[in-house]
> 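Have a look at this one before I ask anything.
Counting starts at 1 for both ligands and their atoms, in listed order.
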Amino acid sequence: MLQARKAGSQATTVSIEIQNVEKRYPATGNGPGTHALRNVSLSVSKGEVVVIIGPSGSGKSTLLRTINALETVDGGSIMVDGVSVTDKATNLPAFRTRVGMVFQHFNLFLHMTAFRNVVLPPIAVKGVSKADAEAAANKYLARVGMLDRAHAYPAQLSGGQQQRIAIARALAMEPQVMLFDEATSALDPEAVGGVLDLMRELAGEGMTMVVVTHEMSFAREVADRVVFMDAGAIVETSTPEEIFQNAKSERTQKFLSLVGSA
Ligand SMILES: Nc1ncnc2c1ncn2[C@@H]1O[C@H](COP(=O)(O)OP(=O)(O)O)[C@@H](O)[C@H]1O
Ligand SMILES: [Mg+2]
């Protein structure tokens, strides 16, 4: 199915265009500043799955957060489906409805049921009617296999179940792009596979995805392209075949040998 998608989709339309982005976190009382993104450029086509790998602190989360305008940039530009994220005139709440984000720690509202977690954002942010939001919640909770637990609170659910709810919540906004930041890193080993399978299915359905993960088998199987970041810069962008068999950069080779996928 994935191969069919890859062969069949002549994905030529650009979805995300990141050009020469710079990001610095200012110095604070207890630490120096960080140059978190250095001249980062990356273009993601519609329907493409880009997996970002790299050591801790290399800027992966910062890059995802700038795509969703959760962080400002200090230079360069980012466009998502033709809308400039970095232009101060852009209406960010409206923009963010186009980009779904899934975090390592789920970030669900703990005082609300799973169902309410999924129903609320489209009503609050997009002005969708209650009936339409409830219909969408049922659809996407079913999509992630959680309809039977819709009325549980997050504390009553396992990590894997909470992450499925978080994915349903993002999908209910009907985003054009999904960003995943180590979505399986906080899960028990037995829950990881199910969430990765769900992500694989979304990719197979043609969702445009940027995925930060340490799951190299996912990168190998699902990525159209793999980006290796180190020290705030993109070191290498290749197909999974190229990067895992024949990485160009020594830094990439060293990282891959450390994470056990070379
Ligand atoms: N909110 C922040 N304030 C200051 N420094 C930060 C902040 N977030 C991240 N950093 C720093 O920016 C660098 C990149 O971090 P991050 O994007 O989280 O990397 P990764 O996701 O690859 O681990 C690190 O040196 C980190 O300490
Ligand atoms: Mg991170």
> Quick test: of every protein heavy atom, which one is nearest to atom 22 (O) of ligand 1, and how far off is it to 0.1 Å?
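Its nearest protein heavy-atom neighbour is Lys60 NZ, 2.7 Å.
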
> Which ligand 1 atoms are under 4.0 Å away from a heavy-atom of Ser58?
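That gives atoms 19 (O), 20 (P), 22 (O) of ligand 1.
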
> Is Lys254 salt-bridged to Glu250, going by a charged N under 4.0 Å from an acidic O?
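The answer is no: the pair does not qualify as a salt bridge.
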
> For Ser58 and Asp230, test the side chains for any donor-to-acceptor distance below 3.5 angstrom and give the result as yes or no.
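No.
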
> Can you tell me which residue and heavy atom of the protein come closest to atom 3 (N) of ligand 1, and the distance to 0.1 Å?
Tyr25 CD2, 3.5 Å

> Under 3.5 Å, is there a donor-acceptor pair linking the side chains of Glu236 and Thr252?
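Thr252 and Glu236 do have a side-chain donor-acceptor pair below 3.5 Å.
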
> Is there at least one pair of N or O atoms, one from Gly59 and one from ligand 1, spaced under 3.5 Å apart?
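Among all N and O atoms of Gly59, at least one is under 3.5 Å from an N or O of ligand 1.
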
> For atom 24 (C) of ligand 1, which protein heavy atom lies nearest, and how many Å away is it?
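So the nearest neighbour among protein heavy atoms is Gly57 O, 3.8 Å.
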
> Is any heavy atom of the protein nearer than 4.0 Å to atom 27 (O) of ligand 1?
no

> With the threshold set at 4.0 Å, does a side-chain nitrogen-carboxylate oxygen contact exist between Arg225 and Glu48?
yes

> Considering only heavy atoms of Ala36, which atoms of ligand 1 have at least one such atom less than 4.0 Å away?
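With Ala36 as reference, the close atoms of ligand 1 come out as 12 (O).
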
> If you measure from the Lys or Arg side-chain nitrogens to the Asp or Glu carboxylate oxygens, is any gap between Arg65 and Asp181 under 4.0 Å?
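Salt bridge between Arg65 and Asp181, a charged N being under 4.0 Å from a carboxylate O: no.
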
> Give a yes or no on whether Arg143 atom CZ has more than 12 heavy-atom contacts from other residues, nucleotides or ligands under 6.0 Å away.
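Above 12, so yes.
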
> Using 0.5 Å steps for rounding, measure from the OG atom of Ser84 to the CD atom of Glu17.
11.5 Å

> Check Thr34 against ligand 1 and report side chain, backbone, both or neither, counting heavy atoms closer than 4.0 Å.
side chain

> In terms of side-chain heavy atoms, does Thr66 have a donor or acceptor partner in Lys23 at a distance below 3.5 Å?
no

> Could you tell me the separation between the CZ atom of Phe180 and the CD1 atom of Ile52, rounded to the nearest 0.5 Å?
13.0 Å

> Under 3.5 Å, N or O to N or O, is Glu71 touching ligand 1 that way?
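Looking only at distances, the answer is no, because the N/O contact criterion of under 3.5 Å is not met.
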
> What protein heavy atom sits nearest atom 15 (O) of ligand 1, and how far away is it?
Thr62 OG1, 3.9 Å

> Who's closest to atom 18 (O) of ligand 1 heavy-atom-wise, of Pro55, Ala231, Ser61?
Ser61

> Are any N, O or S atoms from Thr62 nearer to the Mg ion (ligand 2) than 2.8 Å?
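Under 2.8 Å: Thr62 has no N, O or S contact with the Mg ion (ligand 2).
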
> Take every heavy atom of Gly54, measure it against each atom of ligand 1, and state whether any distance is under 4.0 Å.
no

